Amino acid sequence: MVKRRYSGFFGTDLEILLKGLGVEHIYAVGLLTDVCVHYTCADAHQHDYHIHVVREAAGGSSLAAHEAALAAIEYLQHGSVRKRCVNDEEKNNCDGICFDDGVKSVCGIGAILCCDG
């Protein structure tokens with residue numbers, strides 16, 4: 001699917017595809033956190049999806065812009081910003097990069113990178 005604007009929902013058939021697949025959770029990764037990731041997450045929230053951003057798998061135009069965008073996304077949905085586990089010791093202190101929540105989910109930022117379920 002071709003993304004034409006900052007949000008993956010604007011001017012695309014993403015909503016039709018996600019509804020058709022029964023997706024409930026969207027996992028956002030990529031560049032730029034303060035632009036495309038933020039706009040896509042805001043639109044996903046408006047479409048009643050559960051949003052999740054993997055902090056270490058996204059990057060902003062600057063560290064300050066990245067952190068501000070993550071804070072804005074977290075404000076939309078508490079618990080939406082996740083930390084990736086790097087090793088076994090960290091597994092008790094993070095949410096993990098692979099979420100086994102028993103529901104269909106999509107990873108992506110404005111385009112579908114992978115679909116589980």
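Bear in mind that the values here come from a model prediction, so they are computed numbers and not experimental data.
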Taking all non-hydrogen atoms of both residues into account, name the closest pair between [X] and [Y] and its distance.
X   : Y   : answer
D43 : S7  : OD2-OG, 2.5 Å
I26 : A44 : CD1-CB, 3.8 Å
Q77 : S80 : O-OG, 2.8 Å
A72 : H38 : CB-NE2, 3.7 Å
H47 : K19 : O-NZ, 3.9 Å
V53 : A58 : CG1-CB, 4.4 Å

Distance from [X] atom [atom1] to [Y] atom [atom2], nearest 0.5 Å?
X   : Y   : atom1 : atom2 : value
E15 : F9  : CD    : CZ    : 6.0 Å
I51 : H45 : CD1   : NE2   : 7.0 Å
L14 : I16 : CG    : CD1   : 9.5 Å

Carefully, step by step, assess H25 and Y49 under the rule ring pair (Phe, Tyr, Trp, His ring centres under 6.0 Å). CA-CA 6 Å; H25 293 250; Y49 291 100; 9.4 Å; no
Derivation of the side chain to side chain contact (heavy atoms under 4.5 Å, CB included) call for V2 and T12: CA-CA 7 Å; V2 177; T12 69; over 6 Å; no
Please name all residues satisfying salt bridge (charged side-chain N to carboxylate O under 4.0 Å, His left out) with E74, sequence neighbours left out, ordered by chain then number.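 In terms of salt bridge (charged side-chain N to carboxylate O under 4.0 Å, His left out), with neighbours along the sequence ignored, E74 is linked to no residue.
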Show the numbers, then the answer: is there a side chain to side chain contact (heavy atoms under 4.5 Å, CB included) between E67 and R55? CA-CA 9 Å; E67 292 299 330; R55 176 182 289 278; 3.0 Å; yes
Please list, chain by chain and in numerical order, all residues satisfying side chain to side chain donor-acceptor pair (under 3.5 Å) with Y39, sequence neighbours excluded.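 Side chain to side chain donor-acceptor pair (under 3.5 Å) check on Y39 returns nothing, list empty.
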Tell me every residue that passes side chain to side chain donor-acceptor pair (under 3.5 Å) with S61, counting only those two or more places apart in sequence or in another chain.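 Once residues adjacent in sequence are excluded, the partners of S61 under the side chain to side chain donor-acceptor pair (under 3.5 Å) criterion are D34.
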Is the side chain of T40 donor-acceptor paired with the backbone N or O of V37 at a distance under 3.5 Å, no angle test?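 No: the side chain of T40 does not pair with the backbone of V37.
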So is K3 actually on top of F10's ring, under 6.0 Å and inside 45° of the axis?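 Judged by the rule (NZ or CZ under 6.0 Å from the ring centre, within 45° of its axis), K3 is not positioned above F10.
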